[in-house]
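Keep in mind that this is a model prediction, so the values were computed, not measured. Proteins come first, then strands; the chains are lettered A, B, ... in the order of their sequence lines, and each starts at number 1.
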Amino acid sequence: MKYPKLRELKEAITALIKGPYTTKFPAEPHVAMPGFRGKPTPDKELCIACGACAEVCPARAIEVKNNTETSPKTRDIIWHYDLCIYCGQCERLCTTQKGVTLTQEYDLATTDRSTLYSGVQKELVVCQDCGEIIGTKDQLLWIYKKIGPLTGGNYNIIFTAQNELGLSSEDSNTKSDKEQVQRADLYRLLCPKCRHVALVFNQTGKQI
Amino acid sequence: MSENTENKSCVVPIGPYHPLQEEPEFFKLHVDGEKVVGIDIEIGYNHRGIEKISEAKHYDQGIFAVERICGICSTSHPFAYCNAVEDLAGIELPERARYIRTLVGELERIHSHLLWLGLAGHFLGYNTVWMWSWKYREPVLDIFEKISGNRQHYSMFKIGGVRRDILAEDIPWIEKELDALIKAVEMFKGAVMDDPVILARTKNIGVLTAKDIKDYGGVGPLARASGVDIDIRRDNPYAAYNLVDWKVQTFQGGDIFAKAVVRILETLESIKIIQQCLVRLKTVTGPIDLKIKEIPAGEGIGRHEAPRGEVFHYVRGDKTNRPTRHKIRAPSYVNVATNEKAVIGYDISDALIVLAAVDPCYCCTERVSVVDAEKGTALYTGNDLIRLSQEKTKKLKERIF
Ligand code: SF4
Ligand code: SF4
């Protein structure tokens, strides 16, 4: 029985010389490894508030809140860290691939649950007929940048982009141009349903 | 303790909250003097309805739900679930993904077995074993943090592959950590094999014969410690288990000592598998996942040898993006029942380690059964449940198509 004791003695002495294996946390901060899946932090600029991440989040930790009573109308995308399971799905499947990143921050402990969130707010573009949400302004601009000339006949995107570039304004859309074009009803910001009505029914004079 | 006048034995309750394992379960030990003469096992304190939750999630999200069945074998359930869905959809994995999956699965086995070894030491009152084995478990968790982004709940699996690649620059570091780990596990092997205290507490205690294992349907290291040579990794190979060289570890005896030895030998075998995977990962290139567009209608089964035994998942799909039925059978569910054989006849002071030798994971065991409380009979038999599930599928089909 001498040999086994020697082997364990060696281990004990090594431990004694090397000191405790545990770290000094929290006295010394611990830095997580690169690539650690910590707190998902949205990017105020690059997130376009499309809400795709809320669809794929397995824990339903991302809330999409449309503020239709305010002016201008806005959409909030809110990450609730008390519900989040830090899986990284929102980062992996983000529409712009840069809207949200999982940071190395892990120490989120708090006594107040209501502080455990962060989010982005973006302006909404709504249908001029029925008030239905078409998308956020940034989302339409992002699509415009991505597909360029292929925007073709999508007036919503063209108009939002021109508006952003200062080539047209809310005014030109609603007032002065109206008389000069034949089908002025098509040159409006319309949701798919209202556009369908405008195209199919208004043309034939049939009302719904 | 309460007096049980009928058979002149006392009842010692362990639970419903295990004092040492900090998990909800309830063992009622009937003792006559020092001897354990009977045991009642009550489970069901932790039912979370994961099967139902999974049926409400996309196939891709379901992985995160099943991953949370258990924190210790948190890759075993996704492994079996992915195998099941891939069986259903007839997906062939790319080679690189196979090696990464195998590597993650085996790393998990190492950390789980080291965790058990530590706990076993703790139950024996041998806290040095506990401290040391958990100390050597840390580097394994560090490897996980590096390759997957988290120490538990790795989120590595995805239908048709894995989510993260293992970077070439990380491989030498992982190999270095594993070499250090081999020395530590060899030390444990020696310590368990010839430490007089451990021998006295574990030899010929809690013996399960091969017949007991077969009667109770025991799986995993528990079965292999009784000489029952079963291992899904070899018997029904998946991922890269048939591409690397390894052996199933069995041991005779069926006592706690045998269970400890089997687990330690398996740990060494797992390191061997990982080392081979790392070598292959240096040369095997190609995609780590496939783009899966659609999961067809049909049934699939998936199995994985988790650290505690065989995990079984059954998935039925109806061409939508969610499963209509998802059934899970976890190893602890069958293993916990073997306690009935293992604990009776031994001293109550040994009962704790005997109950822990199964490496029970109570989260795994929680499944539902509907019982008439007054008569104490089960309301639904297996066939009733099958009929109910078929009816529901029919109803769902009518609604969808
Ligand atoms: S841009 Fe990305 S982060 Fe922002 S709402 Fe869309 S998917 Fe989510
Ligand atoms: S990390 Fe996962 S759980 Fe957390 S917000 Fe993103 S998708 Fe949801």
Side-chain angles (χ1 to χ4, degrees), chain A residues 1-25 30-41 52-62 83-94 97 100-108, chain B residues 53-54 56-68 126 128-129 131-139 141-156 158 163-167 169-170 173 183-184 186-199 289 321:
Chain A
M1 279 300 141
K2 258 186 198 131
Y3 171 65
K5 289 290 158 237
L6 280 183
R7 178 183 48 217
E8 282 143 43
L9 199 64
K10 184 170 152 253
E11 177 71 25
I13 291 172
T14 328
L16 212 61
I17 295 168
K18 281 203 180 149
Y21 186 79
T22 44
T23 59
K24 299 256 181 320
F25 186 81
H30 168 77
V31 183
M33 303 237 186
F36 182 77
R37 284 181 281 121
K39 176 176 165 183
T41 313
C53 47
E55 293 284 323
V56 295
C57 172
R60 299 202 199 128
I62 306 172
L83 302 177
C84 176
I85 55 172
Y86 308 96
C87 62
Q89 282 288 84
C90 51
E91 181 187 36
R92 189 171 78 91
L93 296 165
C94 170
Q97 288 291 306
V100 59
T101 6
L102 263 63
T103 56
Q104 271 155 280
E105 201 180 329
Y106 60 89
D107 198 2
L108 304 174
Chain B
I53 293 176
S54 157
K57 303 261 170 226
H58 313 160
Y59 285 107
D60 198 27
Q61 294 178 330
I63 293 169
F64 298 103
V66 294
E67 190 169 56
R68 277 152 183 84
Y126 210 157
T128 318
V129 176
M131 292 290 169
W132 285 0
S133 104
W134 283 30
K135 166 178 159 185
Y136 288 110
R137 181 175 163 255
E138 273 312 282
L141 299 184
D142 284 343
I143 296 177
F144 269 130
E145 190 177 332
K146 185 105 166 182
I147 63 174
S148 77
N150 217 339
R151 300 167 79 79
Q152 293 290 338
H153 297 320
Y154 326 112
S155 302
M156 278 293 261
K158 160 178 190 298
R163 280 175 216 271
R164 278 203 199 195
D165 204 354
I166 290 179
L167 304 176
E169 61 256 38
D170 287 343
W173 174 78
K183 284 200 200 89
E186 290 285 357
M187 193 246 324
F188 285 126
K189 192 170 127 196
V192 169
M193 294 258 197
D194 46 34
D195 188 291
V197 180
I198 295 182
L199 283 184
D289 67 339
N321 62 351

Next on the checklist: If you count heavy atoms of other groups shown closer than 6.0 angstrom to CD of A/Glu55, is the number above 12?
Outcome noted: no
Checklist entry - Quick one: what part of B/Lys183 sits under 4.5 Å from any heavy atom of chain A, side chain, backbone, both or neither? => result neither
Checklist entry - With respect to chain A, which residue among B/Arg68, B/Lys57, B/His58, B/Glu138 yields the maximal number of heavy-atom pairs within a distance under 4.5 Å? => result B/Arg68
Next on the checklist: Quick check: closest heavy atoms across A/Ala32 and B/Glu145, and the distance to 0.1 Å?
Outcome noted: CA-OE2, 3.6 Å
Checklist entry - What is the minimum heavy-atom distance between A/Val56 and B/Gln61, and which atoms define it? => result O-NE2, 2.8 Å
Next on the checklist: Tell me the closest heavy-atom pair linking A/Glu8 and B/Ala191, and the distance in Å.
Outcome noted: OE2-CB, 3.5 Å
Checklist entry - Under the 3.5 angstrom rule, does the side chain of B/Arg164 hit a backbone N or O of A/Gly35 as a donor-acceptor pair? => result yes
Checklist entry - With side chains defined as the heavy atoms from C-beta onward, is the minimum distance between A/Ile85 and B/His153 less than 4.5 Å? => result no
Checklist entry - Where on B/Ser148 is there a heavy atom nearer than 4.5 Å to chain A: the side chain, the backbone, both, or neither? => result both
Checklist entry - Between A/Phe36 and chain B, which part of the residue has a heavy atom less than 4.5 Å away: side chain, backbone, both or neither? => result both
Checklist entry - What is the distance from atom CH2 of B/Trp132 to atom OH of A/Tyr21, rounded to the nearest 0.5 Å? => result 14.5 Å
Checklist entry - Between B/Phe188 and chain A, which part of the residue has a heavy atom less than 4.5 Å away: side chain, backbone, both or neither? => result neither
Checklist entry - Any side-chain heavy-atom pair from B/Asp60 and A/Gln89 closer than 4.5 angstrom? => result yes
Checklist entry - Hey, are the side chains of A/Met33 and B/Asp170 touching, using non-hydrogen atoms and a 4.5 Å cut-off? => result no
Item to check | Nearest-0.5 Å distance, CD of residue A/Glu11 to NZ of residue B/Lys135 | outcome: 5.0 Å
Next on the checklist: Is B/Lys146 in contact with chain A via its backbone, its side chain, both, or neither, using a 4.5 Å heavy-atom distance?
Outcome noted: both
